[in-house]
Amino acid sequence: VHLVESGGGLVQTGTSLTLSCTFSEVGFDDYVIGWFRQAPGKEREGVASICIGCRYDSTYYTASVKGRFTIFSDNAKNTVFLRMTSLKPEDTAVYYCAVWYRGLPTTETINPASYDYWGQGTQVTVSD
């Protein structure tokens with residue numbers, strides 16, 4: 001599976017940005033797309049995830065972005081978006097998307113080790 005992120009950039013505190021993750025066919029009825037970020041000197045952190053093909057709406061957000069970030073998908077275009085609002089300098093990082101389809105993908109947890117394929121990342125920089 002090939003994933004490509006786009007939409008990153010340099011923005012000011014309090015503004016908004018929407019990232020896109022476009023991916024090739026996964027070949028499974030249901031799978032999870034996750035957004036992660038990694039700041040310099042820090043471990044990769046799970047930000048949000050969404051289950052594609054689930055019979056119910058299933059999303060996950062890490063506590064620090066709840067109420068500010070929204071993950072949603074356009075299944076017809078194999079694209080998952082991350083709408084980020086009220087951005088803060090601490091949101092500065094390289095943002096990656098990844099797909100989890102083997103085993104039992106879930107949005108109940110967001111462990112990078114569970115994900116099967118990754119994109120190359122897109123830089124988001126939030127200035128004061």
Side-chain angles (χ1 to χ4, degrees):
V1 180
H2 186 60
L3 303 97
V4 178
E5 304 93 337
S6 61
L10 172 63
V11 296
Q12 292 185 326
T13 296
T15 59
S16 302
L17 201 60
T18 299
L19 305 181
S20 301
C21 171
T22 301
F23 50 93
S24 58
E25 288 295 329
V26 177
F28 285 75
D29 291 338
D30 55 86
Y31 49 91
V32 172
I33 299 292
W35 279 101
F36 298 80
R37 65 186 180 187
Q38 189 165 19
K42 295 188 176 181
E43 292 188 354
R44 191 164 295 189
E45 172 192 26
V47 176
S49 64
I50 185 168
C51 186
I52 306 298
C54 291
R55 289 176 290 177
Y56 51 90
D57 290 337
S58 180
T59 58
Y60 166 92
Y61 297 95
T62 194
S64 61
V65 307
K66 279 184 179 178
R68 299 191 298 125
F69 291 12
T70 303
I71 188 170
F72 59 100
S73 66
D74 183 339
N75 295 345
K77 296 183 178 180
N78 277 8
T79 301
V80 169
F81 302 91
L82 185 69
R83 175 68 173 166
M84 307 185 293
T85 65
S86 301
L87 283 163
K88 306 174 182 180
E90 50 263 45
D91 294 317
T92 295
V94 177
Y95 283 71
Y96 301 88
C97 66
V99 62
W100 177 11
Y101 61 86
R102 289 184 285 191
L104 297 172
T106 177
T107 56
E108 293 183 6
T109 61
I110 187 164
N111 181 356
S114 299
Y115 285 72
D116 301 294
Y117 291 96
W118 293 78
Q120 83 290 344
T122 185
Q123 177 71 47
V124 173
T125 304
V126 184
S127 63
D128 289 330

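Since this is a predicted model, take the numbers as computed values, not measurements.
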May I ask whether [X] and [Y] are part of the same hydrophobic cluster, defined by side-chain heavy atoms of I, L, V, M, F, W, Y residues being less than 4.5 angstrom apart, directly or through others?
| X | Y | value |
| --- | --- | --- |
| Val11 | Phe69 | yes |
| Trp100 | Ile33 | no |
| Val94 | Tyr117 | no |
| Val32 | Leu19 | no |
| Phe28 | Val80 | yes |

Looking only at side chains, do [X] and [Y] share a donor and an acceptor under 3.5 Å apart?
| X | Y | result |
| --- | --- | --- |
| Asn111 | Thr109 | no |
| Gln123 | Thr125 | yes |
| Thr107 | Ser58 | yes |
| Thr18 | Arg83 | yes |

**NZ or CZ of Arg44 within 45° of Tyr96 ring axis and under 6.0 Å** = yes

Please report the closest heavy-atom contact between [X] and [Y], naming both atoms and the distance.
| X | Y | answer |
| --- | --- | --- |
| Ser127 | Leu10 | CB-CD1, 4.3 Å |
| Ser16 | Ser86 | OG-N, 4.3 Å |
| Gly8 | Thr122 | N-OG1, 3.2 Å |
| Val26 | Val1 | CA-CG2, 4.1 Å |
| Cys54 | Asp30 | N-CB, 4.4 Å |

Side-chain heavy atoms of [X] within contact of [Y], under 4.5 Å:
| X | Y | result |
| --- | --- | --- |
| Asp74 | Phe81 | yes |
| Lys42 | Arg37 | no |
| Thr22 | His2 | no |
| Trp35 | Ile110 | no |
| Asn78 | Glu25 | yes |
| Trp118 | Pro112 | yes |
| Leu17 | Leu87 | yes |
| Ile71 | Tyr61 | yes |

**Message:** Heavy-atom count check: over 12 atoms from other residues, nucleotides or ligands less than 6.0 Å from Gln120 CD?
**Reply:** yes

**Message:** With a 6.0 Å cut-off (strictly less than), is the heavy-atom count around CG of Asn75, excluding the residue itself, greater than 12?
**Reply:** yes

Main chain of [Y], side chain of [X]: is a donor-acceptor contact present, judged purely on distance under 3.5 Å?
| X | Y | answer |
| --- | --- | --- |
| Ser49 | Gly34 | no |
| Thr15 | Thr13 | no |
| Glu5 | Gly121 | yes |
| Tyr101 | Gly27 | no |
| Asp116 | Arg102 | yes |

**Complete:** OH of Tyr31 to CD1 of Ile52, rounded to nearest 0.5 Å, is 5.5 Å

**Request:** Supply the atom-to-atom distance Cys51 SG to Tyr60 OH, rounded to the nearest 0.5 angstrom.
**Result:** 15.5 Å

**Evaluation steps, side-chain contact (heavy atoms from CB on, under 4.5 Å), between Thr70 and Met84** = CA-CA 7 Å; Thr70 303; Met84 307 185 293; over 6 Å; no

**Request:** Output, in order, the C-alpha distance, side-chain angles, deciding distance and verdict of side-chain contact (heavy atoms from CB on, under 4.5 Å) for Val124 and Asp91.
**Result:** CA-CA 8 Å; Val124 173; Asp91 294 317; 5.6 Å; no

**Message:** Set out, in order, the CA-CA distance, both residues' side-chain angles and the distance that settles side-chain contact (heavy atoms from CB on, under 4.5 Å) for Tyr95 and Leu82, then state yes or no.
**Reply:** CA-CA 10 Å; Tyr95 283 71; Leu82 185 69; 4.2 Å; yes

**Asked** Between Tyr115 and Phe36, what is the ring plane arrangement, given parallel below 30°, perpendicular above 60°, and tilted in between?
**Response** perpendicular

**Request:** Decide yes or no on side-chain contact (heavy atoms from CB on, under 4.5 Å) for Glu90 and Ser64, but give the supporting numbers first.
**Result:** CA-CA 10 Å; Glu90 50 263 45; Ser64 61; over 6 Å; no

